[in-house]
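Since we're looking at a predicted model, the values are computed, not measured.
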Amino acid sequence: MGLLNSLLEHNRAFVEAREYEQFSTDKFPDKNLVVLSCMDARLVELLPKAMGLKNGDFKLIKNAGALVTHQWGSVMRSLLVAVYELRAEEICIVAHHDCGMRAIDPNRILDHAQERGVSADTIATLRGAGIDLDAWLMGFDNVQDSVRHTVATIRSHPLMPKDIPVHGLVIHPATGALDVIVDGNQPS
């Protein structure tokens, strides 16, 4: 049947049974919170439950490693939209132990890309155009340091209001236990 067809079949039954009604809310987060977390599959249901959050309570942004790698990238833009347009008054960065971005090897990713049909010429062209693929694909060595760096990047953004607390946490992907790395209510 294929995954897409299976998803669409489920969706038709979901809509017909009006199961969506239990999730009814509006676009504004009830707890005025935006969370940036890792895209790890273990966190999909665990993270909101571990934080006591439900549908409609918060805005959720996910990416590999819960990172803000560029002050003018889409993650930072999403955080600013959440603050200025969607009433978010606090930001939580939630990374996790045992993250796939820890010590990731950019060369291994590029090797896999070539195995999947991306040519060596394409990679050379990107490097020749000044794109630092190694830095762009690099992960981190220490999750706590990564969280601190992401919090600092957000706090230092020229468009981020200084009164927005930016918290940094690390969640255990098996238990949901949270460690506070940066309390955004404390002076930096």
Could you walk me through whether Arg155 and Val182 pass the side chain to side chain contact (heavy atoms under 4.5 Å, CB included) check? CA-CA 12 Å; Arg155 283 182 169 170; Val182 177; 3.7 Å; yes
Check side chain to side chain donor-acceptor pair (under 3.5 Å) between Arg77 and all other residues, then give those that pass, not counting sequence neighbours.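 Partners of Arg77 under the side chain to side chain donor-acceptor pair (under 3.5 Å) test: none.
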Take a 6.0 Å sphere around [atom1] of [X] and say whether it holds more than 12 heavy atoms from other residues, nucleotides or ligands.
X: Glu45; atom1: CD; result: no
X: His172; atom1: NE2; result: yes
X: Arg102; atom1: CZ; result: no
X: Glu85; atom1: CD; result: no

Are [X] and [Y] packed together at the side-chain level, in the sense that at least one heavy-atom pair is separated by less than 4.5 angstrom?
X: Tyr20; Y: Gln22; value: no
X: Ile93; Y: Val68; value: no
X: Pro161; Y: Tyr84; value: yes
X: Cys92; Y: Leu33; value: yes
X: Asp40; Y: Asp98; value: no

Is it possible for you to say whether [X] and [Y] belong to one hydrophobic cluster, with membership spreading through side-chain heavy-atom contacts below 4.5 Å?
X: Leu133; Y: Leu67; result: yes
X: Ile109; Y: Phe140; result: yes
X: Leu7; Y: Val15; result: no
X: Ile61; Y: Leu86; result: no
X: Val170; Y: Met39; result: no

Which atom of [X] lies closest to which atom of [Y], heavy atoms considered:
X: His157; Y: Met76; result: CD2-CG, 3.4 Å
X: Gly52; Y: Lys31; result: O-CE, 4.3 Å
X: Ile154; Y: Val166; result: CG2-CG2, 3.9 Å
X: Asp30; Y: Lys54; result: OD2-NZ, 4.4 Å
X: Cys38; Y: Lys62; result: O-NZ, 3.1 Å
X: Ile171; Y: Ala50; result: CD1-CB, 4.0 Å

Donor-acceptor check, side chain of Lys59 to backbone of Leu36, threshold 3.5 angstrom: yes or no?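 Not confirmed, Lys59 side chain does not pair with Leu36 backbone.
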Would you say the side-chain atoms of Asn32 pair up with the backbone N or O of Arg87, donor to acceptor, closer than 3.5 Å?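 A pair under 3.5 Å: yes.
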[X] side, atom [atom1]; [Y] side, atom [atom2] - distance, nearest 0.5 Å:
X: Met51; Y: Leu46; atom1: CE; atom2: CG; answer: 11.0 Å
X: Asp134; Y: Leu110; atom1: CG; atom2: CG; answer: 7.0 Å
X: His96; Y: Met101; atom1: NE2; atom2: CE; answer: 10.0 Å
X: Gln114; Y: Arg116; atom1: CD; atom2: CZ; answer: 13.5 Å
X: Arg127; Y: Thr122; atom1: CZ; atom2: OG1; answer: 12.5 Å
X: Trp72; Y: Leu80; atom1: CH2; atom2: CG; answer: 8.0 Å

When you check the gap from the basic side-chain N to the acidic O, do Arg108 and Asp111 get nearer than 4.0 Å?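 No salt bridge links Arg108 with Asp111.
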Could you check Leu178, Leu169, Leu53, Val94 and say which one makes a side chain to side chain contact (heavy atoms under 4.5 Å, CB included) with Leu47?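 Answer after filtering Leu178, Leu169, Leu53, Val94: Val94.
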Val34 and side chain to side chain contact (heavy atoms under 4.5 Å, CB included): which single residue from Val81, Leu60, Leu79 fits?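 For Val34, the side chain to side chain contact (heavy atoms under 4.5 Å, CB included) check succeeds only for Leu79.
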Would you sort out whether His167 and Asn185 count as a side chain to side chain contact (heavy atoms under 4.5 Å, CB included), showing the intermediate values? CA-CA 8 Å; His167 311 289; Asn185 294 312; 3.5 Å; yes
